[in-house]
Amino acid sequence: TLEEGLQALTRSAARTDFQEDITGRLAPGFRADLLVLDRDVFTCDLRMIGQVRPVLTMAGGRVLWSEIPH
């Protein structure tokens with residue numbers, strides 16, 4: 001499922017790297033590495049998933065790239 005695929009890229013990846021205590025989810029005390037997409041992948045037409053684009057990336061709590069106007 002879509003949810004299982006996203007979990008494989010987040011929580012499961014953190015476990016694989018033995019970093020599940022600091023990465024893999026958005027929670028207090030965890031590294032703020034995240035990707036903001038231009039639409040909700042859970043509600044968009046699944047045939048459009050390939051057209052979803054990133055609009056912001058963060059790593060270590062810092063914005064590394066953004067298309068979002070400040």
Side-chain angles (χ1 to χ4, degrees):
T1 67
L2 178 59
E3 186 172 336
E4 290 169 329
L6 290 173
Q7 187 171 24
L9 294 171
T10 56
R11 288 187 182 182
S12 297
R15 278 194 297 274
T16 300
D17 290 340
F18 303 103
Q19 295 191 16
E20 65 269 20
D21 294 334
I22 57 171
T23 66
R25 60 189 177 114
L26 293 177
F30 281 65
R31 291 185 185 162
D33 297 350
L34 65 98
L35 174 69
V36 178
L37 303 173
D38 67 349
R39 66 194 86 180
D40 183 348
V41 295
F42 290 104
T43 60
C44 75
D45 185 334
L46 290 179
R47 294 172 292 190
M48 305 300 285
I49 290 284
Q51 296 179 14
V52 174
R53 295 182 45 245
V55 294
L56 181 133
T57 55
M58 290 180 69
R62 298 180 59 196
V63 174
L64 300 180
W65 178 82
S66 176
E67 281 189 1
I68 300 171
H70 293 70

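What you see below is based on every heavy atom in this structure, not just the backbone, and it leaves out hydrogens, waters and symmetry mates.
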K.L.:
Starting from L46, can I reach M48 by hopping between I/L/V/M/F/W/Y residues whose side chains sit under 4.5 Å apart?
P.N.:
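As far as the 4.5 Å side-chain criterion goes, L46 and M48 are not connected within one cluster.
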K.L.:
Run the side-chain contact (heavy atoms from CB on, under 4.5 Å) check on V63 and I68 step by step: do they pass?
P.N.:
CA-CA 11 Å; V63 174; I68 300 171; over 6 Å; no
K.L.:
Tell me whether E4 contacts the main-chain N or O of T1 through its side chain, where contact means a donor paired with an acceptor under 3.5 Å.
P.N.:
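Yes: the side chain of E4 pairs with the backbone of T1.
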K.L.:
Decide whether V36 and L9 are clustered together by the hydrophobic rule: side chain heavy atoms of Ile, Leu, Val, Met, Phe, Trp, Tyr closer than 4.5 Å, transitively.
P.N.:
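They do not share one cluster, since no chain of ILVMFWY contacts under 4.5 Å joins V36 to L9.
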K.L.:
Answer yes or no: does atom CG of L64 have more than 12 heavy-atom neighbours from other residues, nucleotides or ligands under 6.0 Å?
P.N.:
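Enclosed.
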K.L.:
Hey, is the main chain of P54 close enough, under 3.5 Å, to the side chain of D38 for a donor-acceptor pair?
P.N.:
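Between the backbone of P54 and the side chain of D38 there is no qualifying donor-acceptor contact (under 3.5 Å).
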K.L.:
State, to 0.1 Å, how close A14 and G24 come at their nearest heavy-atom pair, and which atoms those are.
P.N.:
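Where A14 meets G24 most closely, the heavy atoms are CB-CA, 3.8 Å.
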K.L.:
I need the minimum non-hydrogen distance between V52 and C44, along with the two atoms involved.
P.N.:
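Shortest heavy-atom contact: CG2-SG, 4.4 Å.
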K.L.:
So that I can tick it off, tell me whether R47 and D45 are bridged by a salt bridge, with the cut-off set at under 4.0 angstrom between side-chain N and carboxylate O.
P.N.:
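Looking at R47 together with D45, the answer is yes, because their closest N to O distance falls below 4.0 Å.
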K.L.:
Write down the atom of R31, the atom of Q19, and the distance for their closest heavy-atom approach.
P.N.:
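Closest heavy-atom pair between R31 and Q19: NH1-OE1, 3.7 Å.
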K.L.:
Can you list the steps and then say if L34 with L26 is a side-chain contact (heavy atoms from CB on, under 4.5 Å)?
P.N.:
CA-CA 8 Å; L34 65 98; L26 293 177; 4.0 Å; yes
K.L.:
If you compare all heavy atoms of F42 against all heavy atoms of L2, which two are closest, and at what distance to 0.1 Å?
P.N.:
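Smallest interatomic distance, heavy atoms only, reads CD2-CD2, 3.9 Å.
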K.L.:
What is the minimum heavy-atom distance between R11 and R25, and which atoms define it?
P.N.:
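The pair with the smallest heavy-atom distance is NH2-CD, 3.8 Å.
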K.L.:
Does CD in E67 sit with more than 12 non-hydrogen atoms of other residues, nucleotides or ligands closer than 6.0 Å?
P.N.:
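Atom CD in E67 is crowded, with more than 12 foreign heavy atoms closer than 6.0 Å.
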K.L.:
Considering residues, nucleotides and ligands other than F18, do more than 12 of their heavy atoms fall under 6.0 Å from its CZ?
P.N.:
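Atom CZ in F18 is not crowded, with 12 or fewer foreign heavy atoms closer than 6.0 Å.
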